[in-house]
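This report concerns only the one structure given below.
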Amino acid sequence: MRWTKTYIPTFKENPKGCEVKSHILSIRAGLMSPLFSGVNIYLPLGWKILLKIVSIIREEMERIGAQELLLPSLSPSSLWEETGRWKEYGKDMFKFKDRKGGDMCLAPTHEEIITEIARNGIKSYRDLPQIWFQIQTKFRDEPRPRGGMLRAREFIMKDSYSLDTDEKSFEKSYSLHRTAYQNIFKRCSLDFVIVTASSGLMGGSLSEEFMVFSKTGEDAIVICENCGYKANRDIAVSNTNDSADRCPKCGEKLKIKNAIEIGHIFRLGEKYSRAMGAFFLNTNGDREPIIMGSYGIGVERIMACVIETKSDNNGIIWPPSIAPYKFLIIPLNVRNTETRKLSEKIYKEILAQKYEVLIDDRDETPGTKFKDADLIGIPFQIVIGEKGLDKGVVELVKRDGKKKWEIDKERAVSEILQIS
RNA sequence: CGGAGCGUAGCGCAGUUUGGUAGCGCACAGCGUUCGGGACGCUGGGGUCGUGGGUUCGAAUCCCACCGCUCCGACCA
């Protein structure tokens, strides 16, 4: 892709009012733009990154045998009345009436719809287990949206649901998800911890959250360095009778750190299947409720967490797995014939090798190009300028750590591909 | 929902105290000079000063109401 043909609006100055690093950098790097409170526009560069994250999620979900489907965002009130969540969700749900006066909502999550499918279609133990997932937009009218992508009112979620015959089978589905989640976050270069948490409005017994430590995180995590106990502080408080200083397992003093929740896995048990009548026939021909689990990942939050934890003073540093491009070619002066010709040659050769490459073919000064390059954080910068050309070299610079190689301009592409 | 701050060109801001021609920097367009860490000169375009009402000869500025955004808290996957 050529910079002059794409839309990457970068900004020198911090956007007004923004204080969270990922919020500031995602706007400055031209990834996204706020539309109104809690609702974001994803621009081409940002969407490219989100699609990379989505494809990692999809691969890992398919690896555990999950099947992708797509559920509607519009939902009738009747399903939510059955489980009591029409009232429980209250104002957090976007509710409205259709032209006939029927109550509806924009779904904040999809347990009710999944259970609706299950009660209509799952008849026998032979139909189970099932794992269904989707990557789709969720709507929650949050009382206070925060930090751009950290807490939005409209956001993309990977949500999945497991349907099993019994606890033993369920535990397998649950642990498959646990593994898949660990793989997904590792592949996105996130350092995370798994903590026990409260399941809130989802219901069911204790759940587990996947957390990334960050000063801007809204959740507080307690950690026991002695026995390894980790939990959301809400849970720790209830386990130790209002005091969260001491580990409920070994009594040692607990550390408290802020974190961002990127994933949450829930043991729903029979809550939804009983409320909505999702039963199957067991081997004896008896009716039993389906045992359910639900599992969520905030897609934009992964992007935000990577920015929070991987950026430096100059901008974002994308891990190659989710970088929008692998290479950024920087011809320092496009009016210099040799610079331009060599840049174009290298660009075309890398493209021919099927790598994703962006060339900064703008007629801008070197300073501007270096600043923008660091800001948008492409893993490898290929710098082509007159100084290097006089020595017969181009430079390969790794965005992470700024490691630099001088490479013979005649053999540039093959050497670059070898090093990177 | 409680507390605080903010709203003036695409972005960042000054001007508001003390009412009197709408300003600056960046960005944008044209021309020229530049080209290894956000270059320079000249020229140019771009504004319902958040919205509505009020006071006044005259309101970005004073008064009232409303709306929006950000942050802290409450709440919450």
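Bear in mind that the values here come from a model prediction, so they are computed numbers and not experimental data. In what follows, chains carry the letters A, B, and so on, assigned in the order in which the sequence lines appear, proteins first and then strands, with residues in each chain numbered from 1.
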Task: Separation of atom CZ in Phe370(A) from atom P in G38(B), rounded to whole Å - done: 10 Å
- [ ] Would you mind reading off the distance between Lys215(A) atom NZ and C71(B) atom C1', rounded to a whole angstrom?
- [x] 17 Å
Open item on the list: Categorize Glu209(A) for me: base, sugar-phosphate, or nothing, with a 4.0 angstrom heavy-atom threshold over every strand shown.
Closed with: nothing
- [ ] For Glu111(A), answer base if it contacts any base atom (sugar-phosphate contacts may also be present), sugar-phosphate if it contacts only those atoms, and nothing otherwise; contact means non-hydrogen atoms under 4.0 Å.
- [x] nothing
Open item on the list: Between Thr365(A) and A39(B), is there a contact of a side-chain N or O with OP1 or OP2 at under 4.0 Å?
Closed with: yes
Open item on the list: Counting only side-chain heavy atoms from C-beta out, which of C76(B), G38(B), C28(B) sits nearest to Asp92(A)?
Closed with: C76(B)
- [ ] Taking atom P in both G46(B) and A65(B), compute the distance separating them and give it to the nearest angstrom.
- [x] 37 Å
- [ ] Measure from CD1 on Ile24(A) to P on G12(B) and round the result to the nearest Å.
- [x] 12 Å
Task: Interatomic distance, Asn14(A) CG vs C13(B) P [rounded to whole Å] - done: 9 Å
TODO: Remember a base hit wins even if backbone is also touched, and classify Tyr89(A) as base, sugar-phosphate or nothing at under 4.0 Å, heavy atoms.
DONE: sugar-phosphate
Open item on the list: Ile376(A) and side-chain contact (heavy atoms from CB on, under 4.5 Å): which single residue from Ile316(A), Thr10(A), Asp360(A) fits?
Closed with: Thr10(A)
- [ ] Hunt down the Watson-Crick or G-U wobble partner of C66(B), both distances under 3.5 Å, from any strand shown, or write none.
- [x] G50(B)
Open item on the list: Checking base pairs now: Watson-Crick or wobble, both atom distances under 3.5 Å. What partners U55(B)?
Closed with: none
Open item on the list: For C76(B) and Lys138(A) - does any side-chain N or O of the residue sit under 4.0 Å from the phosphate oxygens OP1/OP2?
Closed with: no
Open item on the list: Taking side chain to side chain donor-acceptor pair (under 3.5 Å) as the criterion, tell me which of Arg85(A), Glu82(A), Glu111(A) meets it with Tyr272(A).
Closed with: Arg85(A)
TODO: Once you apply the 3.5 Å cut-off to both distances, tell me the Watson-Crick or G-U wobble partner of A60(B), or none.
DONE: none
Open item on the list: Let me spell it out: for each of Phe36(A) and Arg362(A), pick the nucleotide of RNA chain B with the closest heavy atom. Which residue's pick is nearer the 5' end?
Closed with: Arg362(A)
- [ ] Figure out the CG/P separation between Asp219(A) and A74(B), and round it to whole Å.
- [x] 12 Å
Open item on the list: Under 4.0 Å, heavy atoms only, any strand: does Gly315(A) hit a base, just the sugar-phosphate, or nothing?
Closed with: nothing
Task: Nucleotide of C76(B), G12(B), G38(B) approaching Lys371(A) most closely (side-chain heavy atoms) - done: G38(B)
Open item on the list: Give me the distance, rounded to whole Å, that separates U48(B) from U43(B) when you measure between the P atoms they each carry.
Closed with: 26 Å
Open item on the list: Does A74(B) have OP1 or OP2 under 4.0 Å away from a side-chain N or O of Arg144(A)?
Closed with: no
Open item on the list: Can you check the distance between C67(B) and U51(B), where both ends of the measurement are the C1' atom (answer in whole Å)?
Closed with: 7 Å
- [ ] Please tell me which of the listed nucleotides, C11(B), C28(B), G36(B), lies nearest to the side chain of Glu364(A)?
- [x] C28(B)
Task: Presence of Ser37(A) side-chain N/O under 4.0 Å of U70(B) phosphate oxygens OP1/OP2 - done: yes
- [ ] Report which part of the nucleic acid Gly298(A) touches: base, sugar-phosphate, or nothing (heavy-atom distance under 4.0 Å, all strands).
- [x] nothing
TODO: State whether the distance check finds a donor on one side and an acceptor on the other, under 3.5 Å, for side chain Asp374(A) versus base G37(B).
DONE: yes
Task: Separation of the P atoms in G15(B) and C62(B), to the nearest angstrom - done: 12 Å
Open item on the list: Using the P atom as the point on both nucleotides, what is the distance between G73(B) and C26(B), in whole Å?
Closed with: 38 Å
Task: Rounded distance in Å - CD (Glu19(A)) to C1' (C6(B)) - done: 12 Å
- [ ] Could you give the distance separating G47(B) and A22(B) at their P atoms, to the nearest angstrom?
- [x] 14 Å
TODO: Check every strand shown and say whether Pro145(A) touches a base, only sugar-phosphate, or nothing at a heavy-atom separation below 4.0 Å.
DONE: sugar-phosphate
Open item on the list: For a quick test of reading the model, state the closest non-hydrogen atom pair linking Lys48(A) to Pro324(A) and the distance between them.
Closed with: CE-O, 3.0 Å
- [ ] Please work out which of the three classes, parallel, tilted or perpendicular, describes the rings of Phe380(A) and Trp405(A), given edges at 30° and 60°.
- [x] tilted
Open item on the list: Of the listed nucleotides (C26(B), G7(B), C69(B)), which one gets closest to any side-chain atom of Lys16(A)?
Closed with: G7(B)
Open item on the list: Among G37(B), G36(B), C71(B), which nucleotide has an atom closest to any side-chain atom of Val383(A)?
Closed with: G36(B)
Task: Leu150(A) vs Gly385(A), nearer the 5' end of RNA chain B by closest nucleotide - done: Gly385(A)
TODO: For Tyr7(A) and G10(B), give me the distance from atom OH to atom C1', rounded to whole Å.
DONE: 9 Å
- [ ] With C1' as the reference atom in both, quote the distance from A29(B) to C71(B) in angstrom, rounded to an integer.
- [x] 38 Å
Open item on the list: Both distances below 3.5 Å, Watson-Crick or wobble geometry, any strand: find the nucleotide opposite A39(B).
Closed with: U33(B)
Task: Lys253(A) side chain to Cys247(A) backbone, donor-acceptor under 3.5 Å - done: no
Task: Rounded distance (Å) that lies between atom P of U70(B) and atom CD1 of Ile27(A) - done: 9 Å
- [ ] Could you tell me whether Glu68(A) and Lys158(A) make a salt bridge, using a distance below 4.0 angstrom between a side-chain N and a carboxylate O?
- [x] no
- [ ] Determine: side-chain N/O of Arg28(A) to OP1/OP2 of C11(B), distance under 4.0 Å, yes or no.
- [x] no
TODO: Mind telling me whether Phe266(A) and His264(A) have parallel, tilted or perpendicular rings, with 30° and 60° as the class edges?
DONE: parallel
- [ ] Please state whether the base of C76(B) and the side chain of Arg151(A) form at least one donor-acceptor pair under 3.5 Å?
- [x] yes
Task: C1' spacing across the pair G19(B) / C57(B), given as an integer number of angstrom - done: 12 Å
TODO: Return yes if the base of G38(B) and the side-chain atoms of Glu13(A) contain a donor-acceptor N/O pair under 3.5 Å, otherwise no.
DONE: no
Task: Lys/Arg N to Asp/Glu carboxylate O, Asp312(A) vs Arg399(A), below 4.0 Å - done: yes
- [ ] Could you tell me which nucleotide pairs with G10(B) by Watson-Crick or G-U wobble geometry, both distances under 3.5 Å, or answer none if nothing does?
- [x] C26(B)
- [ ] Could you check whether Pro15(A) gets within reach of a base, just the sugar-phosphate, or nothing at all, counting any heavy atom under 4.0 Å?
- [x] sugar-phosphate
- [ ] Say whether, by atom type as modelled, one donor and one acceptor occur between the side chain of Lys52(A) and the main chain of Ala323(A) under 3.5 angstrom.
- [x] yes
Open item on the list: Counting only Watson-Crick pairs (N1-N3 plus N6-O4 or O6-N4) and G-U wobbles (N1-O2, O6-N3), all under 3.5 Å, who is the partner of C1(B)?
Closed with: G73(B)
TODO: Give none if U18(B) has no partner; otherwise give the nucleotide forming a Watson-Crick or G-U wobble pair with it, both distances under 3.5 Å.
DONE: none
Open item on the list: Distance criterion of 3.5 Å, no angle test: do you see the side chain of Asn333(A) paired donor-to-acceptor with the base of G36(B)?
Closed with: no
